[in-house]
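Taking it in order: structure first as structure tokens, then the write-up.
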Amino acid sequence: MNLAQFKRRGYVKEATPIEYLPNFSKALGGKVNVYIKRDDLLPGTAGGNKTRKLDFCIADALEKGADTIITCGAVQSNHCRLTLSWAVKEGLDCYLVLEERVKNSYKPEASGNNFLFQLLGVKGITVVEGGSNMMAEMEKVADKLKAEGKKPYIVPGGASNAIGALGYVSCMEEIMNQMFTQGLNFDHMVVPSGSAGTHAGIIAGMVGNAINIPVTGIGVNRPKPKQEEAVYTLANQTLELIGAGVSVPREKVVAYDDYVGPGYSLPTDAMVEAVKLLATTEGILLDPVYSGKAMSGLIDLVRKGHFKEGSNILFLHTGGSPALYAYLDCFRK
Ligand SMILES: *Cc1c(COP(=O)(O)O)cnc(C)c1O
């Protein structure tokens with residue numbers, strides 16, 4: 001697909017590694033081979049998947065003459081950290097609207113990403129109640145800044161619109177090239193599924209390039225039908241933006257909700273096990289909210305015999321390890 005028709009900033013200069021995880025695969029019984037796509041190593045403060053999406057979104061903001069970026073997320077949002085990081089790099093001001101999805105969860109003195117918001121020089125933080133209309137809240141901030149003569153640009157939560165999802169179409173094409181040049185053939189791919197842009201971009205990249213590898217999304221928030229609908233809609237909007245001339249069959253979109261636990265960002269025992277297992281077998285850090293829960297899903301599916309023996313499975317590591325430092329207690333016990 002022709003992604004060269006879209007402006008981007010060039011934040012992603014080279015392919016992130018695909019690594020085989022021999023010790024981790026063995027710890028899961030040795031029946032399948034698990035590989036990992038290291039998008040946690042992308043550039044931008046502490047890396048992570050939002051860099052690929054922001055590469056396109058910030059280019060759009062600059063083209064529209066913006067001097068200020070506004071975005072939103074949860075109180076320990078990786079997306080907010082990376083948006084702020086790239087805004088700093090571009091010389092743009094950045095304002096954040098944080099949603100307390102868990103009541104009273106915003107602590108100004110908290111560690112993890114919250115600490116990095118301060119360190120990176122955020123211009124302003126507005127904290128709103130869980131369930132607020134985040135776009136409306138960001139527009140309020142934008143109106144105030146416009147009245148002061150600023151030119152704000154709103155990046156939606158997770159940079160999960162069709163422009164942002166182009167970053168993961170590009171990632172899928174990068175994986176396809178790596179498979180060819182490295183002689184790897186994956187039977188299955190497992191991806192975290194949150195605000196949906198990552199999962200939708202991967203699906204759009206698969207369908208648009210006629211690659212028939214099944215993708216399993218692991219949801220971290222919404223119930224399965226809602227999450228799948230969000231991914232399906234965004235994947236099709238993305239293919240339409242590209243002008244691909246194809247659309248996603250509904251059955252290609254699978255996003256399990258069995259690994260969310262008590263709710264978004266709330267720890268589960270399986271997440272703790274997954275984070276500890278990858279750390280102690282391969283020295284790779286996951287995160288408590290997304291990649292840890294997604295990996296707990298992969299582990300459970302392997303144990304249940306969901307994947308055929310001898311399968312090669314690619315796990316997409318979307319980053320997020322700074323959030324670990326806001327969850328010390330659940331790893332110490
Ligand atoms: C945002 C995020 C995700 C989810 O990606 P979406 O595009 O929002 O679905 C996964 N992992 C990490 C570490 C994230 O920050």
Side-chain angles (χ1 to χ4, degrees), residues 16 36-42 44-57 71-86 99 101 112-114 116 134 155-172 190-205 215-222 226-235 237-238 253-257 259-260 264-265 271 274-275 278 284-298 315-327:
T16 58
I36 195 164
K37 173 71 172 163
R38 299 291 307 270
D39 269 12
D40 58 315
L41 300 179
L42 282 164
T45 308
N49 64 338
K50 303 311 179 308
T51 286
R52 286 195 194 269
K53 307 196 219 177
L54 291 164
D55 198 5
F56 290 91
C57 292
T71 198
C72 68
V75 297
Q76 280 288 340
S77 166
N78 299 303
H79 164 70
C80 286
R81 182 230 319 145
L82 277 167
T83 304
L84 173 58
S85 165
W86 289 112
E99 180 187 4
R101 295 186 194 170
N113 285 312
N114 180 73
L116 296 177
M134 297 307 283
V155 174
S160 281
N161 54 13
I163 297 176
L166 293 171
Y168 271 86
V169 174
S170 162
C171 177
M172 193 57 236
V190 175
V191 304
S193 197
S195 64
T198 301
H199 189 180
I202 291 286
I203 295 279
V215 179
T216 298
I218 308 290
V220 296
N221 192 8
R222 290 178 275 214
K226 270 195 154 170
Q227 184 64 17
E228 290 180 349
E229 193 55 36
V231 172
Y232 173 70
T233 303
L234 184 53
Q237 287 168 349
T238 308
V253 182
V254 178
Y256 293 123
D257 60 9
Y259 308 101
V260 176
Y264 174 81
S265 80
M271 175 281 289
V275 171
L278 193 67
I284 298 173
L285 299 179
L286 294 167
D287 85 278
V289 181
Y290 296 95
S291 54
K293 282 188 180 171
M295 190 60 103
S296 78
L298 182 149
F315 177 81
L316 176 63
H317 188 347
T318 44
S321 68
L324 284 172
Y325 307 102
Y327 286 77

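Order of appearance sets the numbers: ligands from 1, and atoms from 1 within every ligand.
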If we number the atoms of ligand 1 from 1 as shown, the ones under 4.0 Å from a heavy atom of T198 are 5 (O), 6 (P), 7 (O)
Here the atoms of ligand 1 under 4.0 Å from any heavy atom belonging to D287 are 13 (C)
Any heavy atom of V289 under 4.0 Å from ligand 1? The part involved is neither
Heavy-atom nearest pair, D287 first then G320, reads CB-O, 3.1 Å
Checking T238, T198, T318, D39 against Y168 for side chain to side chain donor-acceptor pair (under 3.5 Å), the one that qualifies is D39
Heavy-atom proximity to atom 7 (O) of ligand 1, picking from H317, H199, K53, K293, points to K53
Could you tell me if any non-hydrogen atom of A196 lies under 4.0 Å from any atom of ligand 1?
yes
Min over N78, N49, L82, L286 of heavy-atom distance to atom 5 (O) of ligand 1 lands on N49
Here the atoms of ligand 1 under 4.0 Å from any heavy atom belonging to G320 are 13 (C)
- Does the side chain to side chain contact (heavy atoms under 4.5 Å, CB included) test come out yes or no for I218 and L298, once each step is laid out? CA-CA 8 Å; I218 308 290; L298 182 149; over 6 Å; no
* Evaluate the criterion side chain to side chain contact (heavy atoms under 4.5 Å, CB included) for residue pair N114 and V75; output intermediate values, then yes/no. => CA-CA 7 Å; N114 180 73; V75 297; over 6 Å; no
Under 4.0 Å from one or more heavy atoms of S160, ligand 1 contributes atoms 7 (O)
Ranked by distance from atom 13 (C) of ligand 1, the top protein heavy atom is G319 O, 3.1 Å
Correct closest heavy-atom pair for L82 and T45 would be CD2-O, 3.5 Å
- [ ] Apply the test side chain to side chain contact (heavy atoms under 4.5 Å, CB included) to residues I284 and R38: give CA-CA distance (whole Å), side-chain angles for both, the deciding distance (0.1 Å), then the verdict.
- [x] CA-CA 10 Å; I284 298 173; R38 299 291 307 270; 3.6 Å; yes
for atom 11 (N) of ligand 1, nearest protein heavy atom and its distance come out as T318 OG1, 2.6 Å
For A235 and I203 the tightest heavy-atom approach is CB-CG2, 4.2 Å
re atom 8 (O) of ligand 1, the protein heavy-atom contact at minimum distance is S195 OG, 2.5 Å
Compute the shortest N/O to N/O distance between S291 and ligand 1 and return yes if it is under 3.5 Å, no if not. no
Item to complete: Begin with the C-alpha distance, continue with both residues' side-chain angles, and end with the deciding distance and a verdict on side chain to side chain contact (heavy atoms under 4.5 Å, CB included) for R52 and L42.
Response: CA-CA 8 Å; R52 286 195 194 269; L42 282 164; 3.7 Å; yes
Atom 2 (C) of ligand 1 sits nearest the protein heavy atom K50 NZ, 2.4 Å
Heavy-atom nearest pair, P288 first then Y327, reads CG-CD1, 3.4 Å
Atom 9 (O) of ligand 1 has as its nearest protein heavy atom G194 N, 2.7 Å
